[in-house]
J.: 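Starting off with a structure, shown below.
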Amino acid sequence: MVCTVRLKPSRTWYLLYGIFLLYIFDIVFEFYLIVLLNNLTKVMATDDSWKTQHFRQSVVAKIDEAIQVSGMPTTKNSMEMENHVFQKAKTKEEYLGFVARLILHLREMNSKKGAAGNVPGTSGNQGIPDKDDSWKTQHFRQNVVAKIDEAIQVSGMPTTKNSMEMENHVFQKAKTKEEYFGFVARLILHLREMSNV
């Protein structure tokens, strides 16, 4: 008689599977951006063609598409974003680089939103509790709020939430110290990137 045992996948397996899917998505999307930039470059007949209204309008359409796909509210519309990038860029390469980073950022907002809700077994306060809870203290959290506030000031961009609200959102979302640090690092990196766009 043969006995078969059916194993139930663990939460760790689902998490690793989710990370793997995000990695694959990231590779596919980077390829998409390269193709997009190549197509945009082919459209340009001369070095100054990126400054034409026709070319800029096609970029506005791509940004608008990325905003629609992300489903996230933005403080600026696609035309304002493109104009900000256009004013900041001095060369065609710089302009296309800014546009690519902006579209990538908008797509990442969508993938992070989708990944947070699609990994089974990761909702609620499940998992192994941290032994070191110093990251939960008011003093520690105030230092993080100060770092976020500093990043907001450096970016010079308007935000829909203040630094305390952003930190509290991250704190409520994080289940572990590592997750909290990861969220804070991504938030600060995002704010710094806003100053470069």
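Residue indices begin at 1 and follow the sequence shown.
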J.: Working to the nearest 0.5 Å, report the span between OG of S49 and NE2 of H54.
T.: 10.0 Å
J.: Just how far is it from atom CD of Q153 to atom CD1 of I148, taken to the nearest 0.5 Å?
T.: 13.0 Å
J.: Determine whether M166 and V145 fall in the same hydrophobic cluster, where Ile, Leu, Val, Met, Phe, Trp and Tyr are linked whenever their side-chain heavy atoms lie under 4.5 Å apart.
T.: no
J.: Would Y95 and W50 count as a close aromatic pair, with their ring centres under 6.0 Å?
T.: yes
J.: What are the two closest non-hydrogen atoms of E94 and K88, and how far apart are they?
T.: OE1-O, 4.2 Å
J.: Between Q142 and M164, which heavy-atom pair has the shortest distance, and what is it?
T.: NE2-CE, 4.0 Å
J.: Do K62 and I103 come within less than 4.5 Å of each other through their side chains, counting heavy atoms only?
T.: yes
J.: Do the side chains of V99 and V60 join up, straight or via other hydrophobic residues, at under 4.5 Å, putting them in one cluster?
T.: no
J.: Is any side-chain heavy atom of K136 closer than 4.5 Å to a side-chain heavy atom of D133?
T.: yes
J.: Would you indicate whether the side-chain heavy atoms of R101 and V85 approach each other to under 4.5 Å?
T.: no
J.: Say you draw a straight line from CG of N168 to OG of S163; how long is it, rounded to the nearest 0.5 Å?
T.: 11.0 Å
J.: Do K76 and H84 make a side-chain contact, defined as non-hydrogen atoms from C-beta onward lying under 4.5 Å apart?
T.: yes
J.: Restricting to non-hydrogen atoms, name the atom on I152 and the atom on N162 that form the minimum distance, rounded to 0.1 Å.
T.: CD1-C, 4.5 Å
J.: Provide the full list of salt bridge (charged side-chain N to carboxylate O under 4.0 Å, His left out) pairs with a residue in residues 163-172, sequence neighbours left out, each pair given once.
T.: R141-E167
J.: Can you list the residues that meet the side chain to side chain contact (heavy atoms under 4.5 Å, CB included) rule with T160, with sequence neighbours excluded?
T.: T75
J.: Determine whether L96 and F86 fall in the same hydrophobic cluster, where Ile, Leu, Val, Met, Phe, Trp and Tyr are linked whenever their side-chain heavy atoms lie under 4.5 Å apart.
T.: yes
J.: Working to the nearest 0.5 angstrom, can you tell me the gap between Q57 CD and D64 CG?
T.: 9.5 Å
